[in-house]
Amino acid sequence: MILLKNIKELIQIREKPVKFVAGKEMAILPTLKNAFLLIQDNRIKDFGPMEKIPATKSDSLIEIECTGRMVFPTYCDSHTHIVFPGSREKEFVDKIRGLSYEEIARRGGGILNSAELLHNTSAEELYASAQKRIAEIISLGTGAVEIKSGYGLNVEDELKMLRVIKWLKESCPVTIKSNFLGAHSVPMKFRGKQHEYVKHVIQEMIPTVAEEGLADFIDVFCDKGFFTPEETSEILEAGAKYGLRGKIHANELGYSGGVQVGVKHNAVSVDHLEYTGEEEINCLKGSGTMPTVLPGAAFFLNLPLSPVRKMIDSGLPVALASDYNPGSSPSGNMNFINSLGCIKYKMLPEETINATTINSAYAMGVETQLGSITRGKLANVFITTEIENYNYIPYYFGSNLIDTVILNGEVQNSLIK
Ligand code: NIG
Ligand code: FE
């Protein structure tokens, strides 16, 4: 049992569970000042004001004094490609010299560059590098992460990636969801025969991946220069036969029709959304599909910004995720994502915190277990350093104001003396 005492402010408390928050509600962040939080086994047992702290006596009780510190539910990072080989800093320099992401991709760089490297990297090496990244994001406050395949682009290498994700699921303290992204790019072998590759994904990859139970979701890069809405539709339909819901890449490079096709197939989320107009916003209204914005990728690639303000003001929910990957967002720092949300997208701190906790939990299908301080949910929380108020998190961009992370009721790392 763990008892957190004298918490300066307990953030994102939801007495009654919510699926997500939308529109004006996004600016409301329920908190409790001078609070306690009681963790039993791996769950949140209770919380409340210090006057009502339970008289808990047990030899195994760990008490953590939180004076001056705030406690948050850990971040849910609902969109990453955290299993990847090597890095792509050469392309980073090419971009500085003026090449665009699409030009690099056309020249066989980008995703195909990572795919070739992945082919020559063992599962053990992939696992070891991903595990290090996961340890890093835990120290930055992430307690759940979605991880995509998509650097395999053939049956064998996609399976290699997905098995590594399964291995991480079984051995890491974070909650992990896996997403099959066979349709991330057309491999060289299929250049000029894109539809044959789509058929390959549908006929060979999806059944194999599904039979081994390796995926929780299915993804397609539905965008200009990548896969069309028709191809996306075929792939999502094929995935649905195996119970896989979509979480798709859409509208990063153009008005691709990705949002419409995602909503039509009841995708859990449509992600990126730099190119989002009235039509996309209207289509998302009332759907169960979470619009997810990836500020790290827009920042790193200097993309036009997704109209987040307009989306929220139109009543939509928005989730934020890191998109941690070697090509467009080599960072999984969700604190920085909060900063970018505020600075670049004019979101309020309350909105970014909702977008990186409860809304991103929904965007990866874990909203009943994570994303808020609610009795019965998994005890994944972080304790901050001594801070004045929660605005410090987005304000001190680049700093890590997180001292201690507790996952499944176990203290992971503590800097508190
Ligand atoms: O989400 N947009 C497509 N896929 C990734 C980038 C992957 C890569 O460049 O390696 C993204 O940005
Ligand atoms: Fe991505």
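Because the structure is predicted, anything quoted here is derived from the model rather than measured. Counting convention: from 1, in listed order, for ligands and their atoms alike.
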Identify, for [atom], the protein heavy atom at the shortest distance, and state residue, atom and that distance.
atom: atom 3 (C) of ligand 1; answer: F221 CE2, 3.3 Å
atom: atom 11 (C) of ligand 1; answer: D323 OD2, 3.1 Å
atom: atom 2 (N) of ligand 1; answer: E252 OE1, 2.8 Å
atom: atom 9 (O) of ligand 1; answer: Y101 OH, 2.5 Å

Checklist entry - Which of these passes side chain to side chain donor-acceptor pair (under 3.5 Å) with R69: T385, D403, T384? => result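 Result for side chain to side chain donor-acceptor pair (under 3.5 Å) with R69: D403.
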Item to check | Residue from T142, T356, N335 passing side chain to side chain donor-acceptor pair (under 3.5 Å) with Y75 | outcome: N335
Checklist entry - Are the side chain of S256 and the backbone of K224 linked by a donor-acceptor contact shorter than 3.5 Å? => result no
Checklist entry - When the ring planes of F72 and F382 are compared, do they come out parallel, tilted or perpendicular, using 30° and 60° as the limits? => result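 F72 vs F382 ring planes: parallel.
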Checklist entry - Under 30°, 30 to 60°, or over 60°: which ring-plane class applies to Y151 and H81, parallel, tilted or perpendicular? => result tilted
Next on the checklist: I402 vs I383, test: side chain to side chain contact (heavy atoms under 4.5 Å, CB included). Steps then yes/no.
Outcome noted: CA-CA 6 Å; I402 297 172; I383 308 171; over 6 Å; no
Next on the checklist: Determine whether R309 and E351 satisfy the following criterion, salt bridge (Lys or Arg N to Asp or Glu O under 4.0 Å), listing intermediate values before the conclusion.
Outcome noted: CA-CA 10 Å; R309 211 42 286 151; E351 291 174 325; 2.7 Å; yes
Below 4.0 angstrom from a heavy atom of [X], which ligand 1 atoms are there? Numbered from 1 as shown, please.
X: H184; answer: 3 (C), 4 (N), 5 (C), 7 (C)
X: Y151; answer: 7 (C), 8 (C), 10 (O)
X: S328; answer: 6 (C), 11 (C), 12 (O)
X: I111; answer: 7 (C), 8 (C), 9 (O), 10 (O)
X: H79; answer: 1 (O)
X: N325; answer: 6 (C), 7 (C), 8 (C), 9 (O), 10 (O), 11 (C), 12 (O)

Checklist entry - Going by atom types alone, do Q12 and R14 pair a side-chain donor with an acceptor below 3.5 Å? => result yes
Item to check | Test: R107 and E102 ion pair at under 4.0 Å | outcome: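 No, R107 and E102 are not salt-bridged.
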Checklist entry - Near the Fe ion (ligand 2), which protein N/O/S atoms are found at less than 2.8 Å? => result H79 NE2, H81 NE2, H249 NE2, D323 OD1
Checklist outcome for this item: In I218, V268, L181, the residue satisfying side chain to side chain contact (heavy atoms under 4.5 Å, CB included) with K247 is V268
Item to check | Option among T232, V186, I111 that satisfies the side chain to side chain contact (heavy atoms under 4.5 Å, CB included) test with F226 | outcome: I111
